Amino acid sequence: MADDCLFCRIVRQEIPVPLVYSSPDCVAFRDINPQAPTHILVVPREHVASLNETTDAPMLGKLSLAASEIARAEGIADSGYRTVVNTNRDAGQTVFHIHLHLLGGRAMAWPPG
Ligand code: AMP
Ligand code: ZN
């Protein structure tokens with residue numbers, strides 16, 4: 001846990017963001033600046049700065065499985081959704097606690113911007 005990390009503080013609920021999902025391994029909450037009708041961040045409880053800093057395959061798998069479970073609960077599993085992990089500058093990562101974006105509820109373009 002990093003004392004000054006925003007997402008660690010949300011995991012600890014020092015910042016009382018409502019959770020849409022909680023397990024022993026990860027939590028999920030709605031993005032404060034949503035880019036789609038459903039935009040949820042899935043975050044491991046453990047502090048890992050980015051995909052470059054982990055080899056924890058079970059943790060990474062659990063993020064994806066949590067996203068698919070949340071997508072079903074949000075009613076976007078059949079219509080479709082996108083999961084994204086931004087890593088470092090060129091991807092626009094702004095919070096250096098790894099997180100998976102779950103986006104859905106509208107059609108999305110490909111390739112992404
Ligand atoms: P990234 O750019 O991939 O690092 O994504 C960070 C995301 O965190 C952005 O989409 C932000 O809108 C979101 N975000 C930042 N602060 C908060 C917060 N307090 N609660 C919810 N989402 C946040
Ligand atoms: Zn953190």
Side-chain angles (χ1 to χ4, degrees):
M1 287 287 177
D3 286 348
D4 56 351
C5 168
L6 174 63
F7 286 178
C8 281
R9 296 188 69 203
I10 292 175
V11 166
R12 291 196 296 265
Q13 288 284 281
E14 289 170 20
I15 304 170
V17 173
L19 301 180
V20 300
Y21 176 92
S22 177
S23 78
D25 303 295
C26 54
V27 302
F29 48 89
R30 294 189 193 281
D31 197 292
I32 203 169
N33 182 24
Q35 302 301 311
T38 298
H39 186 173
I40 289 167
L41 303 175
V42 189
V43 176
R45 291 183 181 275
E46 178 194 3
H47 180 85
V48 170
S50 85
L51 197 52
N52 285 341
E53 276 81 38
T54 186
T55 55
D56 187 347
M59 179 274 282
L60 294 170
K62 284 168 185 166
L63 292 183
S64 289
L65 292 173
S68 72
E69 188 176 330
I70 296 162
R72 278 193 297 280
E74 292 283 316
I76 58 170
D78 289 342
S79 53
Y81 56 90
R82 186 169 290 171
T83 54
V84 176
V85 177
N86 293 322
T87 303
N88 282 350
R89 182 187 59 243
D90 276 0
Q93 183 176 6
T94 57
V95 177
F96 286 84
H97 179 134
I98 193 170
H99 50 282
L100 182 150
H101 294 256
L102 167 64
L103 298 140
R106 65 168 173 84
M108 273 169 268
W110 191 263

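Keep in mind that what you see is a predicted model, and the values were worked out from it rather than measured. Order of listing sets the numbers, starting from 1, for every ligand and every atom in it. Numbers here simply count residues along the sequence, with the first being 1.
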Exercise for the section: Look only at the side chain of Arg30 and the backbone of Pro18, and say whether a donor-acceptor pair between them is shorter than 3.5 Å. Expected result: no
Exercise for the section: Would you confirm whether Gln13, through its side chain, and Leu19, through its main-chain N or O, come within 3.5 Å as a donor-acceptor pair? Expected result: no
Which is it for [X] and ligand 1 at heavy atoms under 4.0 Å: side chain, backbone, both or neither?
{"X": "Asn86", "result": "side chain"}
{"X": "Phe96", "result": "neither"}
{"X": "Ile15", "result": "neither"}
{"X": "Val84", "result": "neither"}
{"X": "His101", "result": "side chain"}

Practice task
Give the minimum heavy-atom separation between Ile70 and Tyr21, together with the two atoms involved.
Solution key: CD1-CB, 3.7 Å
Completion exercise
Smallest heavy-atom separation, Val42 atom then Ala66 atom, equals CG1-CB, 3.9 Å
Interfacing atoms of ligand 1 (cut-off 4.0 Å, heavy-atom, [X]):
{"X": "Asn33", "value": "12 (O)"}
{"X": "Phe7", "value": "8 (O)"}
{"X": "Val95", "value": "4 (O), 6 (C)"}
{"X": "Arg30", "value": "21 (C)"}

Exercise for the section: Step through it carefully: locate the ring centre of His99, locate the ring centre of His101, and say whether they are under 6.0 Å apart. Expected result: yes
Which residue supplies the protein heavy atom nearest to [atom], what is that atom called, and how far is it?
{"atom": "atom 5 (O) of ligand 1", "answer": "His99 NE2, 2.9 Å"}
{"atom": "atom 4 (O) of ligand 1", "answer": "Thr94 N, 2.7 Å"}
{"atom": "atom 12 (O) of ligand 1", "answer": "Asp31 OD1, 2.5 Å"}
{"atom": "atom 16 (N) of ligand 1", "answer": "Leu6 CD2, 3.4 Å"}
{"atom": "atom 21 (C) of ligand 1", "answer": "Ile32 N, 3.3 Å"}

Exercise for the section: To the nearest 0.5 angstrom, please state how far the OG atom of Ser23 sits from the CG atom of Leu65. Expected result: 10.5 Å
Determine whether [X] and [Y] make a side-chain contact, defined as any pair of heavy atoms from C-beta on separated by less than 4.5 Å.
{"X": "Asp56", "Y": "Glu46", "result": "yes"}
{"X": "Leu41", "Y": "Phe7", "result": "yes"}
{"X": "Cys5", "Y": "Phe96", "result": "no"}

Handout entry: Over 12 non-hydrogen atoms of neighbours within 6.0 angstrom of CG in Asn52
Key = yes
Exercise for the section: Kindly determine whether Thr83 and Leu63 satisfy side chain to side chain contact (heavy atoms under 4.5 Å, CB included), including the steps that lead there. Expected result: CA-CA 10 Å; Thr83 54; Leu63 292 183; over 6 Å; no
Problem - Vertex the Zn ion (ligand 2), arms to His97 ND1 and His47 ND1, rounded to 10° - result: 110°
Handout entry: ligand 1 N/O within reach of Val17 N/O, cut-off under 3.5 Å
Key = no
Problem - Contact (N/O only, under 3.5 Å) between Phe29 and ligand 1 - result: no
